[in-house]
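Pasting a structure below so you can have a look.
Side chains included, hydrogens not; waters and symmetry mates left out as well; all remaining heavy atoms used.
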Amino acid sequence: MVSDMGGFEAGTRARVAASRAGLRPGAAATAGTEPSEPTPEAGAADAPADPPGASARPEDPGRAARAGSPVPVALSHEAHGDGPELVLLHGVGLDRHLWDRCLPALAARHRVTLVDLRGHGASPAAAAGVSLAELAADVAALLSGPTHVVGFSLGALVAQRLGLDRPDLTASLTLVSSVADRSEEERAAVEHRQELAVQDFGASAWAAVDRWFSPAWRAQEPGLARQVLDTLLANDRASYLACYQVFATADAGLWPWLPRIAAPTVAVTGERDPGSTPAMSHRLAERIPGGRAVIVPGARHLLPLECPQELADLILAHTGTHPGSHTGTLTGTRSRTRPGSHPGQESHRS
């Protein structure tokens, strides 16, 4: 397990310092940030739309897109490496430093753009009622052409929305620790976590770290668990709650339209992830044409931190840029796992 978390730790310190000084976390300086230019509003025919509802007759994203488009905000981001374009999207309450451990391997083969989603890191705040379509439009404004999109948790929902609204920009999708088609029990659990965040934000942050870190991993890297906790606690509360609402509800609206995703897609999660379960990744693989599911044995939710080499290998194999792969997006690859573990389990839909 790689232990170099310099960027993650530095970003955490800056956010915590800003929070203690009474500033919104986005005001904290982030080293290596590439300034974002405001992007003109996309044409109505191409821009994302408000997310389809969870009703029995949800709205068609493509049809709604033609009726109008969200105005994107300029996201804080940075770019590394050279090669085919690849963008990395983080989860609720985290930021682009989530990907620090995967970045060296990915940037050796790609031009990698790391993004702070709206309401996170050094990007603008997220207002109550922000939609998944708006979060996706923000990311789309950064992309100049077909891009391999890798999303973690909330970022995986944003990636799916991009695949629906902007197929011209999505060369492939890698959905890491993604939720999908939650059951009533699973929906009740996420609603309970959302209520806890409203009532006691600190307790909800501690509970998240307890879910994400196994006792063994926490004992091995106590500093990392503390850094993740500090990142969560430094969030602007209103922005966090607005984005958590998207995370808690958007999978229901996406579900009817997933068969329209044309980009080659792989869904990967940890065997022991209690929130983004293996069953959910298998559902995604069954629902998206040509989709694949890969389950990493023994892992929990934070795959980019817990098993970065395995995840980077999987991403590079999927984008066709792994040193041992042929050119073009691969099918039928398996993720490498930690020493002593079993090979990743995989399912396909053709």
Side-chain angles (χ1 to χ4, degrees), residues 1-31 88-103 114 116-117 119-123 125-126 152-155 176-177 179 189-190 192-245 247-248 269-270 272-276 299-308 311:
M1 183 176 295
V2 181
S3 60
D4 182 6
M5 287 297 293
F8 189 96
E9 186 174 6
T12 297
R13 286 198 300 267
R15 286 187 300 276
V16 172
S19 177
R20 289 172 179 169
L23 302 175
R24 197 185 71 78
T30 305
L88 299 172
L89 309 176
H90 60 79
V92 177
L94 302 173
D95 62 19
R96 62 181 180 252
H97 292 295
L98 170 76
W99 297 102
D100 282 357
R101 291 182 168 185
C102 295
L103 181 59
L114 300 105
D116 286 341
L117 295 174
H120 296 81
S123 285
F152 167 81
S153 197
L154 171 64
V176 183
S177 305
V179 297
V190 76
H192 173 73
R193 292 196 289 272
Q194 187 175 15
E195 291 171 3
L196 179 60
V198 172
Q199 296 167 6
D200 189 337
F201 189 81
S204 73
W206 276 102
V209 171
D210 283 340
R211 287 195 308 276
W212 297 345
F213 283 83
S214 68
W217 184 22
R218 191 165 183 172
Q220 182 179 351
E221 294 193 273
L224 177 60
R226 183 71 221 188
Q227 289 163 24
V228 171
L229 178 63
D230 286 345
T231 299
L232 291 172
L233 292 174
N235 274 281
D236 172 68
R237 305 298 194 263
S239 290
Y240 177 90
L241 293 173
C243 292
Y244 200 94
Q245 174 67 18
F247 170 72
T269 198
R272 297 178 181 172
D273 190 332
S276 304
R300 293 201 181 191
H301 189 59
L302 296 177
L303 296 185
L305 297 178
E306 187 176 1
C307 44
L311 182 57

Distance-minimising heavy-atom pair for Asn235 and His120: OD1-CD2, 4.0 Å
With a 4.5 Å limit on heavy-atom distance, are the side chains of Val209 and Leu232 in contact? yes
In terms of heavy-atom contacts, Leu233 and Arg237 come closest through O-NH1, 2.9 Å
Identify the heavy atoms of Ser276 and Thr269 that sit nearest to each other, and give their distance. O-OG1, 2.6 Å
List the steps, then state whether salt bridge (charged side-chain N to carboxylate O under 4.0 Å, His left out) holds for Asp116 with Arg96. CA-CA 5 Å; Asp116 286 341; Arg96 62 181 180 252; 2.9 Å; yes
Where do Arg300 and Leu303 come nearest, in terms of heavy atoms and distance? O-CD2, 3.6 Å
For Leu241, the side chain to side chain contact (heavy atoms under 4.5 Å, CB included) test, sequence neighbours excluded, returns Ala197, Val198
Do Leu224 and Arg101 make a side-chain contact, defined as non-hydrogen atoms from C-beta onward lying under 4.5 Å apart? yes
Scan residues 199-208 for pairs that pass side chain to side chain donor-acceptor pair (under 3.5 Å), counting only residues two or more places apart or in two chains. none
Could I get the full list of side chain to side chain contact (heavy atoms under 4.5 Å, CB included) partners for Asp210, not counting sequence neighbours? Arg218
Which residues share a ring pair (Phe, Tyr, Trp, His ring centres under 6.0 Å) with Tyr244, sequence neighbours left out: Tyr240, Phe247
Side chain to side chain contact (heavy atoms under 4.5 Å, CB included) with Cys102: which residues, sequence neighbours excluded? Trp99, Leu106, Pro304, Pro308, Leu311
Quick check: closest heavy atoms across Leu117 and His90, and the distance to 0.1 Å? N-NE2, 2.9 Å
For the residue pair Asp230 and Gln227, establish whether any side-chain heavy-atom pair is separated by less than 4.5 Å. no
Are the side chain of Ser239 and the backbone N or O of Ala126 linked by a donor-acceptor pair below 3.5 Å? yes
Looking at Gly93 and Thr231, what are the two nearest heavy atoms and their distance? O-CG2, 3.5 Å
Rounded to the nearest 0.5 Å, what's the gap from CG on Leu88 to CG on Leu103? Could you check? 7.5 Å
Can you check whether Cys243 reaches Leu154 side chain to side chain, under 4.5 Å on heavy atoms? yes
Who are the side chain to side chain contact (heavy atoms under 4.5 Å, CB included) partners of Ala238, not counting sequence neighbours? Asp236
Neighbour count >12 (heavy atoms, 6.0 Å) for atom CZ, Arg211: yes
Going by the rule ring pair (Phe, Tyr, Trp, His ring centres under 6.0 Å), which residues pair with His301 if we only count those two or more places apart in sequence or in a different chain? Phe152, Trp212
Would you say that Val228 contacts Leu94 through its side chain, given a criterion of any heavy-atom pair below 4.5 Å between the two side chains? yes
Please name the residue in the list Leu305, Leu114, Val176, Leu89 that meets the side-chain contact (heavy atoms from CB on, under 4.5 Å) test with Leu98. Leu305
